[in-house]
Amino acid sequence: MSNLRILSDGVAPSPEACPAATRRLSSFALMLRDTREGGIITALAIIVLVFSLSTDNFWSADSVWSILNASAIAIAVAAGMTAVVLARQIDLSIGATLGIAAYAVGALLDYGYHPLVALVVSIAVGAFLGGINGVIVAWLKVPAIIATLGTATIYRGLLFIAAPYFLGFLINASQIPTQFRALSRIPVLGVPFMTVIAGIAATAIGLIIAYTPWGRNLYALGSNPDAARFAGIRADRTIFSALTLVGATAGLGGFLYVMRYASVGVRAGVGFDFEVISSVVIGGVAIFGGAGRVFGAVLGVIVLNTLSRGFVLMSIPEFWKVVATGAAIIAAVTVDVIVARRRVERIRLSRRPHALMEREVE
Amino acid sequence: MLDRVFRLAGRWEVVLLELIVVTLIAGSILSPFFMNVDNLLSQTRDSMIIGFLALGLVPVVIMGEIDLSGEAILGVCAVSFGLLHESGVDAWLAAVSIVILGALFGALNGTLVIAFGLPSLVVTLATLISVRGLAYVLVEDRPIVGFPEAFVAIGNGTVGSTPIPQSLIAFTFAAIPLWCTLRLSVFGRWIYAIGSNSSAARLSGVPLSLVRLIVFIFSGVMAGCAAIILAAHYDSVRADAAQGAVLSVLTVVLLGGISIFGGSGGVGGAILSMVLVGLIQNGMRLANISAEPQALVIGGLLIFSVVIPRVFYSFHDRHQAKNAFFPS
């Protein structure tokens with residue numbers, strides 16, 4: 001709360017000056033202005049408003065269901081990606097990791113294993129592949145963007161080489177048990193089952209990032225890696241574990257992928273990296289680390305999928321969504337930089353009251 | 001004398017030359033078609049698209065920035081070329097206009113980086129996504145084919161009766177000025193200065209924003225040139241032109257000894273590594289290896305190209321540090 005007071009130009013509205021309702025409203029407005037998720041909430045509200053005015057059936061239950069259904073996989077992975085981006089890293093290999101995990105799930109189900117076995121294996125495979133990234137980035141000191149761009153092609157190439165020895169390039173719906181396919185369509189309080197799984201994973205990761213020392217280390221490393229190192233934070237271990245975590249979530253994503261599409265090709269998850277990174281950045285996680293929350297990243301996923309759904313309803317070609325995504329990233333990052341500059345300025349002024357006066361004289 | 005030989009052998013360019021020789025020998029043992037002149041020339045034509053993109057990326061990486069959007073700018077330029085051609089614009093005029101278009105997209109990247117102080121990684125990742133989307137918006141899945149013969153010759157023809165591909169000449173005309181600029185001009189030194197230490201460069205009077213802007217524009221121009229070569233080489237353009245080329249381009253540049261952290265490397269290394277990567281890809285194609293496993297090898301090279309110099313120099317530095325403390 002004291003933070004907010006500094007941020008609002010050093011002048012806190014006195015409680016007795018305004019009635020309770022206005023106060024609540026203004027504190028909501030302050031929240032929108034001063035939290036990192038404010039921008040994305042506003043954007044979501046505008047998008048929903050525009051779509052509900054310009055299409056007839058945007059508010060149907062079917063629409064909400066399909067947005068939640070489409071968001072599930074990305075929600076799970078975006079939560080893991082938040083940890084990575086917070087520590088000033090990036091992972092472009094999650095699409096390939098998801099592909100391998102999804103293929104493994106499809107193969108295990110076809111061989112007749114229990115879905116829970118497939119779930120555990122998919123997460124383990126994902127964590128293992130993420131761990132390889134972690135070793136390359138944390139100990140071989142290869143910049144994450146280079147390392148994961150490289151491993152993305154390596155993982156994808158290995159899947160192409162290995163697939164013919166298992167079930168071929170495509171595992172189709174007839175090879176996946178029908179009960180498993182039906183799972184994704186079970187509603188839990190109106191939310192698709194797979195979105196519930198993803199939501200639980202994202203909540204757990206969000207809590208871990210917000211409330212554990214490990215999560216604090218991520219923020220510290222992202223804000224100032226040198227200072228974090230001097231404070232005794234083991235950068236290599238933290239980065240390794242963050243990349244392992246995002247790998248594990250990509251593994252879970254692979255499991256959800258099979259649940260959703262009931263078929264796996266060797267190209268499963270191509271282009272998924274960009275989708276997740278876009279969501280995370282749009283959701284207010286600073287791309288150079290140190291700020292942001294899982295909550296924002298999840299909102300980012302929902303915004304992109306709402307946009308997608310709206311475009312379908314307005315029959316705008318899917319390609320425009322891609323253009324809009326890129327523009328949204330730039331907008332999000334630009335706003336972030338501008339807001340950060342202003343915030344620094346405001347804090348500087350509030351600490352030096354005479355500077356505030358000087359500015360008024362000017 | 002011996003000392004000088006060792007120092008020369010330790011240079012990254014020489015290591016690349018050795019690797020090229022090894023690849024040539026290995027390739028000619030594995031396939032009788034490998035050392036064929038026609039094969040090598042057709043490989044040269046294939047490499048030129050990556051080559052132009054890599055030339056554009058070289059000064060950007062030396063400056064300590066990165067530009068992932070080259071392939072997308074190529075895509076939108078190629079598609080615009082097709083559309084201009086369809087609407088009856090002269091091919092040469094269209095070629096000039098798409099180079100200007102490339103410059104504009106480069107300027108967009110540069111402006112976003114300079115004006116808002118955004119990290120180039122994010123800006124160019126965003127333009128990579130949205131500019132490619134724009135290419136799809138322009139033509140969707142439709143290919144555009146059938147360009148004039150004289151234009152197609154840029155990508156496939158040779159100079160007169162010699163076996164030298166025209167595109168190689170075009171590449172040389174781009175590479176030599178770049179080499180001269182980086183090695184011989186003040187502007188080139190500025191690029192290295194920014195890459196080594198941008199605040200020190202600013203304090204010593206380097207016009208930081210101007211240099212950055214020009215370098216990003218140059219990258220866009222090279223993407224436009226690559227689009228011309230691509231359109232001429234395949235005699236057709238599609239929205240997915242050169243999609244995924246960012247991997248090969250980055251590999252060529254980083255394997256060429258240009259540090260991802262900026263401030264070192266040059267055009268020579270990049271060209272050598274372009275030859276090396278081209279030879280490896282060519283060999284794999286002859287061995288009938290499909291696209292994804294090929295990409296696997298290139299991805300591995302990419303990681304190694306960052307790890308190996310680091311290991312190389314850390315031994316080097318340790319050796320020097322020891323000498324500093326215990327002078328012999």
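Atoms considered below: every heavy atom in the structure, side chains included; atoms not considered: hydrogens, waters and symmetry mates.
Within the model, atoms CD of B:Glu292 and CG of A:Leu158 stand 12.0 Å from one another, a figure rounded to the nearest 0.5 Å. For the atom pair CG of B:Leu118 and CD1 of A:Ile338, the computed distance is 8.5 Å after rounding to the nearest 0.5 Å. The CG atom of B:Leu302 sits 10.0 Å away from the CD1 atom of A:Ile145 when rounded to the nearest 0.5 Å. Atoms CG and CD1, on B:Leu296 and A:Ile154 in that order, are 5.5 Å from each other to the nearest 0.5 Å.
Side chains of B:Val137 and A:Val323 form a contact here, defined as non-hydrogen atoms less than 4.5 Å apart. Annotation: side chain of B:Phe261 is in contact with side chain of A:Pro143 (closest heavy-atom distance under 4.5 Å). With a 4.5 Å cut-off on side-chain heavy atoms, A:Val322 and B:Ser130 do not count as touching. Using a 4.5 Å cut-off on side-chain heavy atoms (C-beta onward), A:Ile329 and B:Leu125 make no contact.
For B:Leu301, no part lies near chain A; criterion is any non-hydrogen pair under 4.5 Å. When heavy atoms are compared at a cutoff of 4.5 Å, A:Ser278 approaches chain B solely by way of its side chain, counted from C-beta outward. For B:Glu140, the parts sitting under 4.5 Å from any heavy atom of chain A are the backbone and the side chain alike.
Nearest approach of B:Leu254 to A:Ile146, heavy atoms of both residues: CD1-CD1, 3.4 Å.
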